[in-house]
Amino acid sequence: MESGIISVDRWSQGSQAYFITHLHADHTRGLTPTWKWGPLFCSRITAKLFPSKFPGFKLSLLRILNLGHWYSLPLFSPSSGQPTTVQAMAIDAHHCPGAVMYLFRGEFGCMLFTGDFRWETTSHRAKIARDMLLKALKDEKLDTLYLDNTYCNPSYCFPSRDVAARQVINIITTHPNHDIVIGIDSLGKEDLLHYVSQELKIKIWVWPERLQTMHLLGFQDNFTTKTSLTRVRAIPRYSFSIETLEGLNMMRPTIGIMPSGLPWAKKIFKGKGNVIYPSPSCGVASTKIKRSNGDSLDVRIYNQYIYTVPYSDHSCFAEIKEFVELLQPTSIKGIVSSSASYVEPLYYFGDFCSTNQASRMSYKKLWYEERVERLEAIQIKSPVGSTNSNQVRRKRRRRSGLLVSQVNRVSILRRVRRGIKIMDTEFPS
DNA sequence: GCGATCAGTT
DNA sequence: CACAACTGATCGC
């Protein structure tokens, strides 16, 4: 393969310009403080967060793209070596802070790389992004859509984030005497926490590094690292578990809220407490919470201490469908391949594509043929490694009895550490 | 010590 | 049964 022109969320040497969609770790693998392979284009917010994520990174490599503007990059055609121009535009992806999609025009045609994105019809921000996209594509045909297909399956169906946020408020207000912990990652869900803070007129505890991030993002007053000030805490999702909640409940009545696009049903019978039977409709237990106005609200219960709320920073299937329908790309490629339920997006959306390829040939055939087409010069984060090989690898990971006990001990120690980390500053006696 | 890769967790 | 995002161990340099 020739060396590329541009790379999106890929960091190996050989491209002339690099683009980052957002700062989640699964999109920055290979990006290190000593990385140096070229100019790195990003949104203003990503640039602001960059130093704290990559201390020591050569910031002179960063190029900020304002949203909704075309930028011309004078580059070289990898095939001919002749000068060529690539135009790039960043558009709000409404995923996590700083997340953008990239629209490109060049000798390879016109293509859109969504990165991770949420396309809520109810959202004002999505409307702005939609107008930007349509304006930019007014006289242009979108040749290739690189799509966040995380939940690209009709079974993934969840409400907008403001509806899910209301559910969080309801869970908290129906537990007036409980401590609340909410599981979050290092970036994302800030709007949810801010909303909870505003609605309930309460500060939210976050761990120190997270408070720094909040401050960089402009949230100055709603968050604190002093546990005595609040009963609501946002904790790293990694330390959010049944065991953590059981531990916390030995000290104070506490419930956990997990915002996630997935219906957490997997370990529903594993908790020590009451067995909760999954409901046939969605595969998880649900309950009705009475609201003050007499309404009731469906809330999913994961175990006796944990509620899950369908708050997702990725688009649900209906939103992906609407997005593809709007853009009518000539071809589509899924960005995410790790899912065992991975489905080639064209299987669902072939009918929306302007050429009739999808109906003329099987989607699998189309998949193979696309892989050798003219866009080869562009290195893109595309599906690598089949589901099959993942399964094979997973099966090979059979653990010995010794290893199991070691792993368990390690994990117990880890949890103790987490527990201390979460608890040491927080329970005024 | 650094970076890449793998294993495992919620 | 599933995901995305993450941590920690280990290996080669």
Side-chain angles (χ1 to χ4, degrees), chain A residues 9 11-13 21-37 53-57 95-96 99 115-118 148-158 181-189 207 209-210 235-245 256-271 278 282-284 302-303 305-306 308 310-317 334-343 381 384-385 387 389-391 393-400 403-404 406-415 417-418 421:
Chain A
D9 293 347
W11 309 108
S12 51
Q13 186 178 8
T21 59
H22 65 291
L23 281 169
H24 279 154
D26 51 334
H27 291 253
T28 59
R29 198 159 304 129
L31 191 58
T32 64
T34 55
W35 184 90
K36 58 179 180 189
W37 301 130
K53 293 279 175 186
F54 299 96
F57 190 89
H95 171 67
C96 68
D116 291 349
F117 81 121
R118 179 89 202 245
D148 171 14
N149 54 311
T150 300
Y151 293 129
C152 189
N153 183 303
S155 64
Y156 292 118
C157 174
F158 39 77
V181 294
I182 302 174
I184 61 168
D185 290 318
S186 64
L187 193 60
K189 313 281 198 294
W207 62 101
E209 296 91 329
R210 202 57 160 90
I235 65 171
R237 194 168 59 160
Y238 190 64
S239 61
F240 185 109
S241 67
I242 292 171
E243 284 85 351
T244 301
L245 265 294
I257 300 175
M258 178 52 79
S260 168
L262 269 194
W264 272 33
K266 214 163 68 177
K267 294 177 185 169
I268 202 153
F269 303 106
K270 265 185 85 176
C282 57
V284 290
Y302 178 66
N303 89 335
Y305 301 123
I306 300 179
T308 75
Y311 190 104
S312 170
D313 286 332
H314 292 269
S315 300
C316 66
F317 180 76
I335 293 169
V336 182
S337 64
S338 62
S339 165
S341 62
Y342 176 79
V343 177
K381 185 178 182 185
V384 285
T387 303
S389 70
N390 279 345
Q391 280 167 347
R393 208 182 312 141
R394 219 157 259 208
K395 270 183 192 150
R396 259 190 239 134
R397 277 187 220 154
R398 287 265 58 104
R399 303 184 300 191
S400 73
L403 195 52
V404 167
Q406 280 171 343
V407 165
N408 283 344
R409 210 177 309 135
V410 166
S411 118
I412 286 163
L413 286 170
R414 218 186 272 146
R415 273 180 194 123
R417 272 204 308 276
R418 267 184 235 141
K421 196 177 174 187

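Chain identifiers are assigned alphabetically (A, B, ...) following the order of the sequence lines, protein sequences preceding nucleic acid strands; residue numbering begins at 1 within each chain. Here the structure is a predicted model, which is why all the values come from computation and not from measurement. Side-chain atoms are counted along with the backbone in the values below, which use heavy atoms only and exclude waters and symmetry mates.
For A:Thr21, the side-chain hydrogen bond (donor to acceptor under 3.5 Å, both in side chains) partners at least two apart in sequence or on another chain are A:Asp9. Evaluation of the side-chain hydrogen bond (donor to acceptor under 3.5 Å, both in side chains) rule for A:Ser186 yields A:Lys53 as partners, not counting sequence neighbours.
Using modelled atom types and a 3.5 Å distance limit, the side chains of A:Asp116 and A:His27 yield a donor-acceptor pair.
A donor-acceptor pair under 3.5 Å is formed between the side chain of A:Thr244 and the backbone N or O of A:Ser239. For the pair A:Asn153 (side chain) and A:Tyr156 (backbone), a donor-acceptor distance under 3.5 Å is absent.
Closest to the side chain of A:His314, out of C:dC3, C:dA5, C:dT7, is C:dA5. Side-chain atoms of A:Arg237 lie closest to C:dA4 of the nucleotides C:dA4, C:dC6, C:dA2.
The CG-P distance, from A:Asp26 to B:dA7, rounds to 19 Å in whole Å. Between the C1' atom of C:dC6 and the CG atom of A:Asp313 lies a distance of 15 Å, rounded to the nearest Å. One interatomic measurement links the two molecules: NE2 of A:His24 to P of C:dT7, which rounds to 11 Å at whole-angstrom precision.
Residue contacts shown for A:Asp116 are limited to sugar-phosphate atoms, with no base heavy atom under 4.0 Å away. As judged by a 4.0 angstrom heavy-atom cut-off over every strand, A:Ser312 is placed among residues making no nucleic acid contact.
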Are any protein N/O atoms closer than 3.5 Å to N/O atoms in nucleotides 1-5 of chain B? If there are, list each pair with its distance.
from: B:dG3; atom 1: OP1; to: A:Thr34; atom 2: OG1; distance (Å): 2.2

*Should A:Trp11 and A:Thr32 be marked as a side chain to side chain contact (heavy atoms under 4.5 Å, CB included) after you check the CA-CA gap, both sets of side-chain angles, and the distance that decides it?*
CA-CA 9 Å; A:Trp11 309 108; A:Thr32 64; over 6 Å; no
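Considering only side-chain N and O atoms, A:Thr150 lies nowhere under 4.0 angstrom from the phosphate OP1 or OP2 of C:dC3.
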